[in-house]
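Remember, it's a predicted structure, so these values are computed and weren't measured experimentally. Computation of the quantities below employed the complete heavy-atom set of this structure, encompassing side-chain atoms and omitting hydrogens, waters and symmetry-equivalent molecules. Labels below follow one simple rule: chain letters A, B, ... track the order of the sequence lines, proteins then strands, and each chain is numbered from 1.
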Amino acid sequence: MRFISENLMILFASVLLCAVPASAQDNPIRIGVLTDMSGVYSDASGQGSVEAVKMAIEDFKDPIFGKPVEMVSADHQNNAATAASIARKWYDNDGVDIVVDLTNSAVAIAVQDISQEKRKIDLITGATMTTAVTNKNCSPWGLHWTIDAYNQAAGTASYLTEAGGKSWYFITVDFAFGHDTEAKASAVVKADGGTVLGHSLHPLNGTDFSSYLLQAKASGADVIGLATAGTDMSNLVKQASEFHMIGKQKIAALVTFLSAIHSLEPSGAQGITLTTPFYWDQSDEARAWSQRFFKRTGAMPDMAHAGVYSAVMHYLKAVKAVASRDADAVMTKMRETPVNDFFAQDGRIRADGVLERDMYLAVVKTPEESKGEWDLYSIVKKLPREQLFQPLSESTCPLVKK
Amino acid sequence: MAAHFSNLSTDIILGQLLLGLINGAFYALLSLGLAIVFGLLNIINFVQGALFMAGAFFAYFLLQSCGISYWWALILSPMAVGGFAVLVERSMLRHLYKLDHVYGWLLTFGLSLMLESSLRQIYGASGKRYSAPSQLRGGFDLQFIFLPTYRLWVVVVSIAVCLAVWLAIERTRLGSYLRASTENAALVRSFGINVPLLVTLTYGFAAGLAGLAGVLAAPIFQVSPAMGSNIIVILFAVVVIGGIGSIGGTIVTALGVGVIEAFTKVLYPEGAQVFIFVVMAIVLAVRPGGLFGDRMEVA
């Protein structure tokens with residue numbers, strides 16, 4: 001039934017297109033990159049995301065509707081209100097077709113609401129952890145592409161618990177993101193037969209973490225789970241190594257980025273366990289793309305950079321295939337086409353907008369193992385998608401038919 | 001709001017006491033500069049946090065670009081930061097001494113935003129790595145805690161510098177000129193003392209202390225543009241609790257705040273950041289001049 005309705009929708013859209021005056025199609029496809037250019041996420045997305053979108057446009061080559069694809073970008077300053085007003089202006093006045101990146105959970109939720117109201121496509125590809133955008137704030141035209149708190153926590157927690165890390169202690173940043181991440185990881189640990197001994201909450205942008213680390217050490221837990229991110233995560237790891245805690249207890253970074261690991265001393269982050277959808281050295285294809293990215297930016301791509309390239313490419317192919325900019329038609333095409341590129345293999349877009357795919361369990365290399373500045377991860381195993389994603393039966397997204 | 005008293009074992013108590021003293025010594029070094037500038041120059045020097053950050057970045061820059069080691073950075077970085085501060089004082093700050101506090105605060109706040117954004121532009125937001133020198137790596141296993149050598153070094157340097165500064169201001173002739181010129185600059189000038197120069201150098205010296213703290217902090221924290229703004233608010237609380245303008249009071253308060261903070265992080269971690277401001281509010285209500293601030297109460 002669904003199959004028929006989707007085809008009808010495309011048919012309907014195509015009929016509509018013929019009726020649309022030529023001028024609407026004459027405008028170039030315009031992609032808006034809305035990201036954090038100067039704040040805590042600017043290394044993990046930021047200017048790198050802008051470059052990755054430029055690469056996608058250059059690689060796509062073909063003009064659409066006879067015109068080259070265009071790009072605009074802006075800094076949302078990690079402020080949901082700023083992001084919302086930029087998105088409104090882009091959609092209303094500047095002929096922007098889709099907004100991408102949307103690093104920062106509050107920004108992603110705000111912009112997805114506006115996109116839905118305007119019937120526009122938004123691709124959340126940044127370091128955006130919230131699962132709200134694929135649950136109660138889900139949109140028929142919104143996709144969550146790279147990572148979320150659920151799959152980051154679930155991947156690492158299930159791997160370590162199964163590998164014998166039966167008791168856990170969490171150091172958690174004291175706001176919604178930290179609490180969510182800890183709750184998800186705890187659930188996985190308990191489901192796999194482990195126990196949670198306790199947690200310490202730390203404020204956002206803390207400086208000294210030694211008190212928390214001391215408590216974590218005294219707990220005697222097998223694994224210390226870090227439900228925090230950004231410089232807080234880096235400082236925690238750095239200080240854990242200073243107090244000789246790494247090795248005796250395993251450290252699981254439940255949310256981390258390549259740029260954050262790169263900013264640590266090679267010996268300081270060694271042995272940290274994490275889950276990632278993408279690592280630049282994971283395959284020949286990934287390496288080739290990453291080397292090109294490196295030449296343009298001077299840094300190896302983080303997961304959000306590869307993610308935004310992959311998502312924009314998928315979008316452009318869909319627009320070309322349906323020969324229309326209509327959000328329904330393009331989104332239907334995107335959802336029915338599996339994602340197969342250097343970023344994801346056989347990725348499937350679910351009803352709630354999550355890109356479901358396999359990920360990788362990585363351990364940070366020791367200085368002896370590392371052959372270069374960016375040779376940071378050993379990929380230990382491929383994590384099957386069944387372990388990683390929130391079951392659709394638990395989703396609160398109204399688009400999921402139960 | 002349950003306090004976690006069950007978390008307290010002897011090991012934890014000893015460990016937190018030690019960590020609190022370590023952090024407190026560090027706070028003392030940082031808030032000392034603030035206390036001097038406020039006490040002697042009447043400027044709420046908000047840029048102190050950014051100067052601390054700049055000191056750390058300068059050490060990073062020296063190591064990365066010129067191969068200059070940590071030990072030289074300990075001297076060069078405070079000099080560079082102090083030199084920058086002297087320029088700021090000569091060109092901008094000195095025009096504001098006669099105006100309300102809020103002007104000095106706004107200017108220094110603006111400066112700290114500019115410093116932070118510029119360094120973020122150059123080095124990015126994630127921060128940079130900076131290793132402790134090989135002589136100070138490793139540590140001592142005290143059973144209840146592994147004490148890194150580097151932290152011990154920071155405590156020793158901080159306490160030594162704090163004591164030296166306190167002695168210099170309270171017990172030397174130069175210090176007496178300084179204290180006198182804050183009471184009555186015209187009178188001190190009539191004795192043939194170059195008061196504006198004294199003020200400039202004092203400001204530069206206070207900034208140099210921030211620079212020194214920055215170098216000391218670099219191997220402990222990520223050298224990141226936000227490191228100053230994350231810490232400056234605590235420092236203001238230290239200065240206010242200790243008594244604005246009281247050097248000795250600031251040092252003692254900083255150590256106390258470090259210890260209190262370490263224990264709230266165990267007993268009620270959600271409140272660790274707020275608790276020090278609760279203390280500040282109580283002190284302001286009971287003794288508006290601060291615990292040790294007799295001078296302000298007279299004024």
- Hey, could you give me each pair passing ring-ring contact (aromatic ring centres under 6.0 Å, His included) that has a residue in residues 214-233 of chain B? Not counting sequence neighbours. none

- Note on the structure: If one checks every heavy atom of B/Ile220 against chain A at 4.5 Å, the contacting part turns out to be both

- Judged by modelled atom types alone, do A/Gln152 and A/Thr275 share a side-chain donor-acceptor pair under 3.5 Å? no

- Item | Contact leader toward chain B among A/Ser38, A/Gly206, A/Ser200, where contacts are heavy-atom pairs under 4.5 Å | A/Ser38

- Task: State, without any angle test, whether A/Gln77 and A/Thr82 hold a side-chain donor-acceptor pair at a distance under 3.5 Å.
- Result: no

- Note on the structure: If one checks every heavy atom of A/Tyr212 against chain B at 4.5 Å, the contacting part turns out to be side chain

- Considering only heavy atoms and a distance below 4.5 Å, find which of A/Ser234, A/Ala218, A/Ala260, A/Ser219 pairs most often with chain B. A/Ser234

- Query: Given a strict heavy-atom distance threshold of 4.5 Å, which part of B/Lys128 is in contact with chain A: side chain, backbone, both, or neither?
  - Reply: backbone

- Item | Atom group of B/Ala226 that falls short of 4.5 Å from chain A, counting heavy atoms | neither

- Contact winner vs chain A - B/Ala262, B/Ser131, B/Ala217, heavy-atom pairs under 4.5 Å: B/Ser131

- Message: Under the side-chain hydrogen bond (donor to acceptor under 3.5 Å, both in side chains) definition, can you give me all pairs with a residue in residues 252-263 of chain A, not counting sequence neighbours?
- Response: A/Ser259-A/Asp302, A/His262-A/Glu373, A/Ser263-B/Gln222

- Item | chain A contact via B/Ser224 - side chain, backbone, both or neither, heavy atoms under 4.5 Å | side chain

- Message: For A/Tyr279 together with A/Tyr377, are the ring centres under 6.0 Å from each other?
- Response: yes

- Message: Between B/Pro219 and chain A, with a heavy-atom cut-off of 4.5 Å, which part of the residue counts as in contact: side chain, backbone, both or neither?
- Response: backbone

- Message: For the aromatic rings, using the six-membered ring if either is Trp, is the centroid distance between B/Phe275 and B/Tyr268 under 6.0 Å?
- Response: no

- Query: Quick one: what part of A/Asp208 sits under 4.5 Å from any heavy atom of chain B, side chain, backbone, both or neither?
  - Reply: both

- Looking at A/Glu242, A/Met245, A/Lys217, which one has more heavy-atom pairs under 4.5 Å with chain B than the rest? A/Glu242

- Task: Heavy-atom pairs under 4.5 Å with chain A are the metric here; pick the option from B/Ile231, B/Val223, B/Asn23, B/Asp11 that has the most.
- Result: B/Asn23

- Is the gap between the ring centers of A/His199 and A/Tyr169 under 6.0 Å? no

- Among A/Thr35, A/Asp36, A/Asp101, find the one that has a side chain to side chain donor-acceptor pair (under 3.5 Å) with A/Ser49. A/Asp101

